[in-house]
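Read through the structure below, which is laid out as structure tokens, and then see the notes.
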Amino acid sequence: MPRLVPALLRDPTFRWYFVARTSSHFGDGLIGMALVFGSLRLGASPTEVGLVLLVGRLPVVVFTLVGGVVGDLLSRRAVMLAADVVRCASQGLTAALLITGVGTLWHLAALQAVAGAANAFFAPAAAGLVVDVVPLEQRRQANALVDAAQNAATLLAPVVSAVLVETVGAGVSFAVDAATFAISAAALVALKVPDRQVPPRPALLDAARHGWRDFRARPWLQATTIQVAVINGACVSPFLVLAPVIADQQLGGALAWGFIANGYAVGALLGSALALRWRPRRPLLVAVTIPVALGPLPALLAAGAPVPVLAAVAVPAGVQAGLYAVLTQTARQVHVPADLVARATGFSTVVGLAAAPLGMALAGPAAELIGTDAVLLAGAAIAVLSAPLALAVRSVRQLPAEPEPAG
């Protein structure tokens, strides 16, 4: 194992892929902080913050299925490169509007919708490209290495963004974000992808139907996707809307929220590092159980815990996120046919994230109706209860780490 990771990074093809994914993810990590506190600085209410986040996330849900199909039918590298160019342009324009003082909430929402649509094409193609550049036996380690670097970037990005927001404004944070997508695009230009066998291109709708049939034939894939959807809609999305507002009003502002986010990022990095060395025989059995570690974070926020305590409980919440991502992503890349991986990722993302924009849109009104604490506590309970429900699916408990021999 210690020799495998350096070997992966010595491969120039994987190295450029690694740089593109890490730089892109660092940019994504900047935006959450800049968008929320940029909106608050423009006078947005909690409901308006949720709506701005909703507009940015909704295109991901709408276009990811198309992005998954396109990522299987066209050059995955080219799809990622085009997405980076669009994101660089949209975030650069957002930066210019905010820095010059003419930006409004509607500007933020519209430009983040454009960036979200580009994300919808980038993510499935990136997941599928691993199949093109990494041998089967190294994919778990490659996913863990990429996720570890991404989580390390996420650890730094909220701090950078919080400092920029508090000192020079959210506009500069968006400018740095645009630069990260330019770096990702340059790495993709340098990446030389080996030729892959691409089947004859069917009509877009026929290709989507083929992917949907394969998705429906895999109960373990449906179960993990539904679990993510439930947790995103009921727990994570309300937390992402309400926690920054609480931090801004009660805990000290953007730096306090950045400290909590850093605890989560540290945990995610540890989870990815654990995935590099730990190879469970039943990966999904582990994956669907560990979301119980997410429950204490919103529960303690509702209880009024101080920032250091919240940052501490954010660590195990991050560990489960990092480990869950590697185990489920590798399962798709190992057990789904290579020419369907991007579509499987697209379907999983569409269903898994469909509840997220709804959760963001409803978090503010729900908090006004039943109280912020009640919304956070309900989310914590749902995250914990999702584990036994997912474990009820037999193939989730039994899916092996490697494909079983034919016959």
Side-chain angles (χ1 to χ4, degrees), residues 32 36 46-47 49-50 53-54 57 151 154 158 223-251 256-268 270-271 286-325 327-328 352-392 396:
V36 169
T47 297
V49 171
L53 294 174
L54 167 66
R57 298 290 182 91
N151 289 324
T154 303
T224 53
T225 299
I226 292 171
Q227 184 184 36
V228 170
V230 170
I231 292 175
N232 278 345
C235 182
V236 175
S237 294
F239 181 84
L240 290 177
V241 172
L242 299 175
V245 175
I246 294 173
D248 192 49
Q249 296 176 349
Q250 303 175 21
L251 301 177
W257 174 234
F259 190 48
I260 297 169
N262 257 12
Y264 188 91
V266 167
L270 293 174
V286 175
V288 303
T289 303
I290 54 178
V292 298
L294 185 59
L297 181 55
L300 286 173
L301 179 64
V307 171
V309 173
L310 293 171
V313 297
V315 174
V319 169
Q320 68 83 29
L323 190 56
Y324 191 103
L327 294 178
T328 54
L353 294 183
L358 183 61
M360 289 179 174
L362 295 179
E368 294 173 2
L369 181 65
I370 63 175
T372 300
D373 293 350
V375 174
L376 293 171
L377 289 172
I382 289 171
V384 172
L385 291 174
S386 72
L389 293 176
L391 286 170
V396 168

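Residue S386 holds its OG atom at 3.5 Å from CD1 of I231, rounded to the nearest 0.5 Å. A distance of 5.5 Å separates OG1 in T372 from CD1 in I246, rounded to the nearest 0.5 Å. One finds the CG atom of L385 at 11.5 Å from the SG atom of C235 (value rounded to the nearest 0.5 Å). Note that CD of Q227 and CG of L391 are 8.0 Å apart. Values are rounded to the nearest 0.5 Å.
When side chains are defined from C-beta on, V315 does not count as touching Y264, because their heavy atoms never get closer than 4.5 Å.
For the side chain to side chain contact (heavy atoms under 4.5 Å, CB included) with V313, the lone residue among L301, L294, L297 that qualifies is L297.
Between V292 and P296 the shortest heavy-atom distance is O-CD, 3.7 Å. Nearest heavy-atom pair across P238 and N232 is CD-O, 4.0 Å. The two residues T328 and A287 make their nearest non-hydrogen contact at CG2-CB, 4.1 Å. Considering every non-hydrogen atom in both Y324 and T224, the closest pair reads OH-O, 3.3 Å. Heavy atoms only, all atoms of each residue included: I382 and A234 are closest at CD1-CB, 3.5 Å. Nearest heavy-atom pair, A302 versus L377, reported as atom, atom and distance to 0.1 Å: CB-CG, 4.0 Å.
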Stepwise side-chain contact (heavy atoms from CB on, under 4.5 Å) check, V230 with I226: CA-CA 6 Å; V230 170; I226 292 171; 4.3 Å; yes
